Amino acid sequence: MALWIADEGAGLIRSGADGERRLCAQPLSLCACGNTLVCAQAQQAAVYAADTGAALERYPLPPGARRMCALPGALYCLSSDADSISLLCPRTGRLLLCAQAGCYPRDLALSPCRRMLAVAGGAAGAVLVYRARELTLIRSLPLPGVVSAAAFAGAELLALCAVDEGRLQSRLFRISIHGVVSALGCWEGLPGALLIHPDGMIVCGVLGKLLLLRPDGRVARCLPCGLPACLRPCPGGLLCADALDGCVTRVAAALTDAQCVYRGDSPLDAMVL
């Protein structure tokens, strides 16, 4: 296994048993697709073998592709510049389907059943839910402010929003399967990233804080940070890519401790693969 880091300034870095290698410039986002790693750059994807880091393919991407996720044979690419979600062949980049997705959309997430896809619709002020394989819109769920991150928690959805009502706040909302919205938390400053860890815990990153939340929104633990750009599960815990602090931190599952595993320029994403 290797640590892959997308540092917008320093490049795509792969660190493994065979040493550290820099593979491409100006990476924006990462996605594991089977035995490959797809790295989104400004307007193209670079595909690498996960086990060796060997370059396999390059193909065009929609502009501003800052978030991706995958199913077997399907790569979902969220374009903030084109306000769209695209379904591509992960090996060739061939466009299979495309749908409109909010206004400067920020994040996307697959449901546990892999049949639905949620998009944080950005300035559209909504979470958009699609049928994953057809990219047909099922529901548009309005929320206050700018929707910055979304995640499935079982059959429910969580959404992290930037709300400015005289002062900027990060607000976390739960959306039930019936579309009922309830508030879970509110913190000063900008929102960052959101993760439902495989063990069920809610991890929420906002300006200056990485929070472990109980299901009712109560804070169980808090660690200091800059502003998490991305949170991903990894063996034994999670990885926090913090562009503001310029580091990637490996955090224990219960947020009991944290270890900096990379310090660079502007890390936007990181994963162990």
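What you see is a predicted model, and the numbers here were worked out from it, not measured in a lab. Positions are given from 1 along the sequence. We use all heavy atoms of the structure for the numbers below, so side chains are in, but hydrogens, waters and symmetry mates are not.
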OG1 (Thr52) and CZ (Arg21) are apart, to the nearest 0.5 Å, by 7.0 Å
side-chain contact (heavy atoms from CB on, under 4.5 Å) partners for Asp216, two or more places apart = Arg214, Arg218
Quick one: which residue pairs count as a salt bridge (Lys or Arg N to Asp or Glu O under 4.0 Å) with a foot in residues 23-47, not counting sequence neighbours?
-> none
Treating Ile, Leu, Val, Met, Phe, Trp and Tyr as nodes and any side-chain heavy-atom pair under 4.5 angstrom as an edge, say whether Leu143 and Val129 lie in one connected cluster.
-> yes
Separation between SG of Cys33 and CG of Leu75, rounded to the nearest 0.5 Å | 5.0 Å
Pair up each side-chain donor or acceptor in residues 86-104 with any protein partner under 3.5 Å, not counting sequence neighbours, and list the distances.
{"residue": "Thr92", "atom": "OG1", "partner": "Arg94", "partner atom": "N", "Å": "3.2"}
{"residue": "Gln100", "atom": "NE2", "partner": "Asp83", "partner atom": "O", "Å": "3.4"}

Can you check whether Leu141 reaches Val181 side chain to side chain, under 4.5 Å on heavy atoms?
-> no
Linked, directly or transitively: Phe152 and Tyr76 (ILVMFWY side chains, under 4.5 Å) = no
All heavy atoms of Val206 vs all of Ser170, minimum pair found to be CG1-CB, 3.6 Å
Do Leu56 and Leu61 sit in the same hydrophobic cluster, where Ile, Leu, Val, Met, Phe, Trp and Tyr count as joined when their side-chain heavy atoms come under 4.5 Å apart?
-> yes
Between Leu212 and Leu231, is there a shared hydrophobic cluster once you connect ILVMFWY residues whose side-chain heavy atoms come closer than 4.5 Å?
-> yes
By side-chain contact (heavy atoms from CB on, under 4.5 Å), which residues pair with Val163, not counting sequence neighbours?
-> Pro144, Cys161, Glu165, Arg171
Within the distance-only criterion (no hydrogens, no angle test), does the side chain of Ser176 pair as donor or acceptor with the backbone N or O of His178 below 3.5 angstrom?
-> yes
Quick check: does any side chain N or O of His197 sit under 3.5 Å from a backbone N or O of Pro233, one acting as donor and the other as acceptor?
-> no
Please say which of Leu194, Ile175, Leu195 ends up in a side-chain contact (heavy atoms from CB on, under 4.5 Å) with Leu158.
-> Leu194
Any donor-acceptor pair under 3.5 Å from Ser15 side chain to Glu20 backbone | no
Would you give the length of the straight line joining atom CD1 of Ile85 to atom CG of Leu128, rounded to the nearest 0.5 angstrom?
-> 10.0 Å
Roughly how far, to the nearest 0.5 Å, is the SG atom of Cys230 from the CG atom of Leu30?
-> 8.0 Å
Search all heavy atoms of Asp245 against all heavy atoms of Cys225 and return the closest pair with its distance.
-> OD2-C, 3.6 Å
Check whether any side-chain heavy atom of Lys209 lies under 4.5 Å from a side-chain heavy atom of Val219, and answer yes or no.
-> no
Give a yes or no on whether the backbone of Gly64 and the side-chain of Ser79 come within a donor-acceptor separation of less than 3.5 Å.
-> no
Is Leu78 reachable from Leu71 through a run of I, L, V, M, F, W or Y residues, each pair having side-chain heavy atoms under 4.5 Å apart?
-> yes
Contacts satisfying salt bridge (Lys or Arg N to Asp or Glu O under 4.0 Å) that involve residues 119-133 (not counting sequence neighbours) are none
Heavy atoms of Asp164 and Leu168 approach each other most closely as OD1-N, 4.0 Å
Write down the atom of Val248, the atom of Pro267, and the distance for their closest heavy-atom approach.
-> CG2-CB, 3.8 Å
Output every pair passing salt bridge (Lys or Arg N to Asp or Glu O under 4.0 Å) with a member in residues 219-244, not counting sequence neighbours, ordered by first then second residue.
-> Arg232-Asp269
With sequence neighbours excluded, what pairs up with Arg58 under the side-chain contact (heavy atoms from CB on, under 4.5 Å) test?
-> Cys24, Gln41, Gln44, Ala46, Tyr48
Just how far is it from atom CD of Gln169 to atom SG of Cys186, taken to the nearest 0.5 Å?
-> 3.5 Å
Side-chain touch Leu157/Arg139, heavy atoms, less than 4.5 angstrom | no
Minimum heavy-atom distance between Arg66 and Ser80, given as atom pair plus value | CD-OG, 4.3 Å
Would you say the side chain of Leu211 lies within less than 4.5 Å of the side chain of Leu172, judging by non-hydrogen atoms?
-> no
Which heavy atom in Ile196 sits nearest to a heavy atom in Ala151, and how many Å separate them?
-> CG1-CB, 3.8 Å
Qualifying salt bridge (Lys or Arg N to Asp or Glu O under 4.0 Å) pairs with a residue from residues 179-188, counting only residues at least two apart or across chains | Arg167-Glu188
Nearest 0.5 Å please: distance from the CG atom of Leu160 over to the SG atom of Cys204.
-> 4.5 Å
Side chains of Thr249 and Leu210: does their closest heavy-atom pair fall under 4.5 Å?
-> no
With sequence neighbours left out, which residue pairs that include part of residues 147-160 fulfil the side chain to side chain donor-acceptor pair (under 3.5 Å) condition?
-> Glu156-Arg174
Taking the side chain as every heavy atom from C-beta outward, state whether Leu207 and Trp187 have any atom pair closer than 4.5 Å.
-> no
Under 3.5 Å, sequence neighbours excluded: what are the donor-acceptor pairs made by side chains of residues 110-121?
{"residue": "Ser111", "atom": "OG", "partner": "Arg114", "partner atom": "N", "Å": "3.3"}
{"residue": "Ser111", "atom": "OG", "partner": "Arg115", "partner atom": "N", "Å": "3.4"}
{"residue": "Ser111", "atom": "OG", "partner": "Met116", "partner atom": "N", "Å": "3.1"}
{"residue": "Ser111", "atom": "OG", "partner": "Met116", "partner atom": "O", "Å": "3.4"}

Under 3.5 Å, side-chain donor or acceptor atoms of residues 4-14 against the rest of the protein: list the pairs with distances, not counting sequence neighbours.
{"residue": "Asp7", "atom": "OD1", "partner": "Gly9", "partner atom": "N", "Å": "3.0"}
{"residue": "Asp7", "atom": "OD1", "partner": "Ala10", "partner atom": "N", "Å": "3.0"}
{"residue": "Asp7", "atom": "OD1", "partner": "Ser266", "partner atom": "N", "Å": "2.9"}
{"residue": "Asp7", "atom": "OD2", "partner": "Tyr262", "partner atom": "OH", "Å": "2.6"}
{"residue": "Asp7", "atom": "OD2", "partner": "Asp265", "partner atom": "N", "Å": "2.9"}
{"residue": "Asp7", "atom": "OD2", "partner": "Ser266", "partner atom": "N", "Å": "3.4"}
{"residue": "Arg14", "atom": "NH1", "partner": "Asp18", "partner atom": "OD1", "Å": "3.2"}
{"residue": "Arg14", "atom": "NH1", "partner": "Asp18", "partner atom": "OD2", "Å": "3.4"}
{"residue": "Arg14", "atom": "NH2", "partner": "Asp51", "partner atom": "O", "Å": "2.8"}

Please list, chain by chain and in numerical order, all residues satisfying side-chain contact (heavy atoms from CB on, under 4.5 Å) with Glu57, sequence neighbours excluded.
-> Val47, Tyr59
